[in-house]
Amino acid sequence: MGLDMEKNKKWIRLFFIFLAVMWLLTIISKSIYVSGLTRVKTDVLSRKYIEHIVEADGIVLAGGEVAVNVLAGLRVERIAVKQGDAVKQGDALFTVDLRDLEELIADKEAQIERLELQLGTAQFNEVLEAQKKEVARLWAKEDYENADKETQLAVDRAQSALLEAENDLRRHLDTSAPHTSGSSRKKAWEKYNDWKKRRYALEDRIAELEKEIQRLKDEIADASGEDAQAANEENAGASGEGVQAVNEENVGTSGEDAQVQEDLEHAKTEETGMEGADTGDTQETGNADKNRAKPGVDAADKKALLAEKESELEACRAELTELERNPVSQPDYSAEESEYDAWQQTKSNLEDAVQAAKHVLEDAKLARESTLREKRRALASAEVTASADATIGIYNMDIAALQGEIADLNDVKSSQGCVTAKADGYVLEILVATGQRTTDTAAMLLADTTSEYLFRFGITKEQSKYVQLGDSVELSLNSADHKKVTVTADYIEENTAGGYDVTCRLGDAKAPIGSYGVAKRTVQGEMYPSAVPIDVILEENKVYYLFTVNEKTGILGKEYYVERLKVNVVDQNDRYAAIEGAAIGADTQIVIFSSKELKQGESVRLQE
């Protein structure tokens, strides 16, 4: 029993020893883990004014500059001052080479002599050109007058030729050629054709009548023989034959009666006139054939018809004779047309002559206008005032200028070549060098001590938001008493460095020109409820952010880790920045220091 108790105690002791070792190992492991974490310091948001201080170095400048000018071309022999020296009125600035000065004077005197010779030549040429100009004007005027007379003569001759051609045409038109009108010619041809048609109709009718009279005569003779034969047959023939003969006679008598009736109607139709002569020829011929086809007409009727036809024949012959006694000639206009064509040709030639004369007159007028216009232009050109020539005036001006330069050079020569200061001041810039010649620009620049001094300093574009025209600026001048003065920003201009130069008038404050000083401008900003130290704000690709510390539970218990939050910086200075836009509370721990660069979600340990 006692052995079991001892054994149990032993195992209990071993168990506690194991627990102690495990606790110790845990502590050691945690210490090692914690020692490898990034150390950070934190703080919370604070309420602050964002104050802006602009501080920049500057230099004292002269309020004005005085240029020291001398004649161009003088060789500098010695420079008596250096940049920054203070000079008094009458102090020597530099001297020029006297021997070279005398050569310059001699050269300018020679230039004056040449100019005087050229001036005399120019004056002579001016008089000569004026004489030539006058002669040219007189010749141009004479040419214009001669051209006026000659061209007017040509126009008058052309006008006379036109009047003559028009008179010839008018006389020809007054003697018009005989010409039968178209209607008259038509009537003449109709009259001739009617006469010829009437003649042909009478001749045809006479021929028909002659044929019909001859036929009637033959039928009358034939009828007389037939009657004698029929009587003999009646006396000697049988009764049956008599009856037949009687029937045949009746039939013949009926046929002859029909023929006689037709002849009488035909004769009646002819009495109405000869209007249907052309169409009636065929009808009468048919009637004659019918008459010949119908024998047995009574001999007395045929004789009467024969007498009628013979009477008609005599009338037709008498009418034809009368028609031939009064013939109608066939119209012939060939001679008249030839004469008319000749008259028309003469008229056309005269009209062409008038048109040609008009063209000649127009050409003469155009030639006159063109010639006179050309001569007027030549006359106007000759009368134009000669172009302005300033040669003589320039020569006189050059001579006067050279004379003035010689007088100035003699003044420098009289002062033994020494150029002195005209007033008190400081030497700002020396623009000449020993052994070189002066130019037409300033040889030196002196500060004007009578004008107000200036102080100039430069600021960046970011600082320009806090320094505006009229703002007060505190200056610390590098003077003997090192006093501070308050001035205003009077001029602001952009400089080549991308910033701005601010110029202030010093007023009564004095400091050596060229000495340095410090300008300071303090601007009280707004009160912001969320301000952090400027080092807290980090930037990446123009995006601002910061880190906050949060708690989490890990394998070793409670741990701290960082979280990256994007913020918007609304204002800042060199110490603090005002932020907005992040979910940051008043108790949020913001990382203000880290032993190394932080990453999103990284575990850290707080440093007291």
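Not measured: the values here are computed from a predicted model. Numbering of residues begins at 1 and proceeds along the displayed sequence.
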Roughly how far, to the nearest 0.5 Å, is the CG atom of Asp352 from the CD atom of Gln355? 8.0 Å
Within 6.0 Å of NZ in Lys133, more than 12 heavy atoms from elsewhere: yes
Nearest heavy-atom pair of Ala519 and Val473: which atoms, and what distance? CB-CG1, 3.8 Å
Kindly indicate, with the supporting measurements, whether the criterion side-chain contact (heavy atoms from CB on, under 4.5 Å) is fulfilled by Val523 and Glu51. CA-CA 6 Å; Val523 179; Glu51 185 180 58; over 6 Å; no
Could you tell me which non-hydrogen atom of Cys418 sits nearest to which non-hydrogen atom of Thr420, and how far apart they are? SG-CG2, 3.8 Å
So CD of Gln123 and CG of Asn396: to nearest 0.5 Å the spacing works out to 7.0 Å
Hey, are the side chains of Phe455 and Val485 touching, using non-hydrogen atoms and a 4.5 Å cut-off? no
Should Ile399 and Ile112 be marked as a side-chain contact (heavy atoms from CB on, under 4.5 Å) after you check the CA-CA gap, both sets of side-chain angles, and the distance that decides it? CA-CA 6 Å; Ile399 291 173; Ile112 289 177; 4.1 Å; yes
Is there a side-chain contact between Asp100 and Arg437 in this structure, where contact means two heavy atoms from C-beta onward sitting under 4.5 Å apart? yes
If you compare all heavy atoms of Ser464 against all heavy atoms of Ile459, which two are closest, and at what distance to 0.1 Å? CA-CD1, 3.7 Å
Under 4.0 Å between a Lys/Arg side-chain N and an Asp/Glu carboxylate O for Glu383 and Lys141? no
In short, Lys542 meets Glu539 closest at the heavy-atom pair CA-OE2, 3.5 Å
Beyond-backbone contact of Val70 with Phe94, side-chain heavy atoms, under 4.5 angstrom: yes
Salt bridge or not for Glu150 and Lys375, using N-O below 4.0 Å? no
Polar side chain donor-acceptor pair, Asp341 to Gln345, under 3.5 angstrom: no
Side chains of Gln152 and Asp148: is there a donor and an acceptor less than 3.5 Å apart? no
Are the side chains of Glu77 and Thr434 in touch, meaning some heavy atoms are under 4.5 Å apart? no
If we only count heavy atoms from C-beta on, is the Leu173 to Leu169 side-chain gap below 4.5 Å? yes
Candidate pair Val81 and Met444, rule side-chain contact (heavy atoms from CB on, under 4.5 Å), full reasoning: CA-CA 10 Å; Val81 295; Met444 287 187 181; 3.6 Å; yes
Are the side chain of Asn495 and the backbone of Ala497 linked by a donor-acceptor contact shorter than 3.5 Å? yes
Could you tell me whether a side-chain N or O of Thr371 sits under 3.5 Å from a main-chain N or O of Ala367, the two making a donor and an acceptor? yes
Is any side-chain heavy atom of Ile537 closer than 4.5 Å to a side-chain heavy atom of Val569? yes
Criterion side-chain contact (heavy atoms from CB on, under 4.5 Å) on Leu71 and Thr438, from CA distance to verdict: CA-CA 7 Å; Leu71 292 175; Thr438 58; 5.6 Å; no
Specify the closest pair of heavy atoms between Arg505 and Leu454, including all atoms of both residues, with the distance to one decimal. CG-CD2, 3.6 Å
Tightest non-hydrogen contact, residues Val76 and Ala433, listed as CB-O, 3.6 Å
Do the side chains of Asp571 and Glu526 get nearer than 4.5 Å, heavy atoms only? no
Can you say whether the rings of Tyr340 and Trp343 are parallel (under 30°), tilted (30 to 60°) or perpendicular (over 60°)? parallel
Taking C-beta and beyond as the side chain, do Tyr144 and Leu372 meet within less than 4.5 Å on heavy atoms? yes
